[in-house]
Amino acid sequence: MPRPVFVIPAPEQASIAVSGGTARFPVRRIFCVGRNYGEHAREMGHDPDAEPPFFFTKPADAVVDDGARVAFPTQTDELHHEAELVVAIGTGGANIAVEDALGHVWGYAAGNDLTRRDMQAVAKAARRPWDMAKGFDNSAVVGALHRAVDGAVPKGRIRCLVDDDLRQDADLAEMIWPVEWVIAHLSTLVALAPGDLIMTGTPAGVGPIKPGQTCAIEIDGLSPARVTLG
Ligand code: MN
């Protein structure tokens with residue numbers, strides 16, 4: 001097929017940094033898991049044993065690199081941080097088996113699923129979609145991506161600090177649905193493709209970030225995902 005001619009300039013390819021080099025990882029879509037840590041499900045008023053995790057999305061161009069300074073989002077008085085392990089898909093597929101799932105991963109990163117919590121509460125109460133509570137501009141802070149080695153999934157602590165205040169501190173092993181299950185299950189809903197990111201859910205301790213504060217997500221063995229709200 002001939003290269004298409006566009007009537008306006010084609011959008012820039014969204015991408016994230018890769019640790020140890022200048023080449024970047026192109027972002028196709030961003031999927032997010034809701035309620036993947038029991039204590040967080042309970043703090044939001046849900047029973048993690050009764051409700052399996054579910055998915056929502058953010059636009060690819062919501063990604064922000066580590067160290068960015070972004071404008072405080074409009075239309076919210078309650079911007080929340082959510083520390084999350086981010087999975088980057090390198091090989092696509094549909095109906096991926098759990099035992100094959102980790103072979104589809106290119107790498108892992110630390111991420112922050114920024115959330116307009118007040119708007120999300122209104123949406124929940126009105127049974128409306130979460131898009132504007134979750135998928136706003138600059139809402140996916142992602143640290144430099146680390147190449148997966150021999151199918152190993154990151155292990156250890158996941159933390160969130162707002163300035164010097166430790167807000168979230170959990171172990172990745174507390175995830176209800178492990179990475180391979182999340183990939184397998186998501187691939188029954190959509191055909192995964194190279195460039196897809198999956199934000200795998202947040203542990204307990206979500207809370208507000210105020211204008212002027214810096215929020216850092218840290219995961220053992222990975223680069224941090226830091227953002228300063230302007
Ligand atoms: Mn989240």
Side-chain angles (χ1 to χ4, degrees), residues 16 27 29-48 51-64 66 70 73 76 78-89 108-124 128-143 145 153-154 157-162 166-179 181-183 185-186 189-190 196-209 215-219 222 224-227 229:
I16 57 176
V27 177
R29 295 174 293 188
I30 306 174
F31 299 99
C32 305
V33 182
R35 294 175 206 142
N36 202 12
Y37 290 78
E39 286 304 315
H40 173 62
R42 280 183 277 274
E43 79 179 346
M44 300 302 286
H46 299 277
D47 176 358
E51 298 174 63
F54 55 91
F55 296 94
F56 58 92
T57 62
K58 294 175 186 269
D61 66 0
V63 286
V64 178
D66 171 59
V70 304
T76 185
E78 196 181 18
L79 179 71
H80 271 202
H81 53 77
E82 294 193 355
E84 311 209 358
L85 175 67
V86 180
V87 177
I89 297 295
Y108 296 95
N112 194 345
D113 166 18
L114 292 174
T115 302
R116 285 167 165 149
R117 191 70 71 200
D118 43 2
M119 195 178 288
Q120 186 194 32
V122 169
K124 284 180 176 179
R128 288 179 186 154
W130 291 7
D131 299 51
M132 293 302 112
K134 286 289 196 178
F136 51 93
D137 297 340
N138 306 319
S139 60
V141 186
V142 182
L145 190 58
V153 179
R157 306 305 293 179
I158 176 169
R159 296 187 185 81
C160 172
L161 293 103
V162 176
L166 181 64
R167 297 282 189 83
Q168 293 179 276
D169 185 8
D171 195 294
L172 292 170
E174 294 170 36
M175 285 173 60
I176 298 169
W177 303 103
V179 167
W181 186 92
V182 168
I183 294 168
H185 187 62
L186 181 57
L189 297 166
V190 292
D196 287 339
L197 301 183
I198 309 171
M199 303 188 83
T200 56
T202 197
V206 299
I209 314 170
C215 184
I217 310 302
E218 300 174 352
I219 293 177
L222 298 179
R226 294 163 295 198
V227 67
L229 280 303

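Quick caveat, the model's predicted, so the values are computed rather than measured. Order of appearance sets the numbers: ligands from 1, and atoms from 1 within every ligand.
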message: If you count every heavy atom of other residues, nucleotides or ligands that lies below 6.0 Å from R42 atom CZ, does the total exceed 12?
response: yes
task: For R35, check side chain to side chain donor-acceptor pair (under 3.5 Å) against everything at least two apart and list the hits.
output: H46, E51
message: Among residues at least two apart in sequence or on other chains, which ones pass salt bridge (Lys or Arg N to Asp or Glu O under 4.0 Å) with R157?
response: D169, D171
task: Apply ring pair (Phe, Tyr, Trp, His ring centres under 6.0 Å) to F56 and list each qualifying residue two or more places apart in sequence or on a separate chain.
output: W130
field: Any side-chain heavy-atom pair of V64 and N112 under 4.5 Å
entry: no
Rounded distance [0.5 Å steps], CG in D137 versus CG in L114: 12.0 Å
statement: Given a cut-off of 2.8 Å, the protein N, O or S atoms lying below it from the Mn ion (ligand 1) are E82 OE1, E84 OE2, D113 OD2
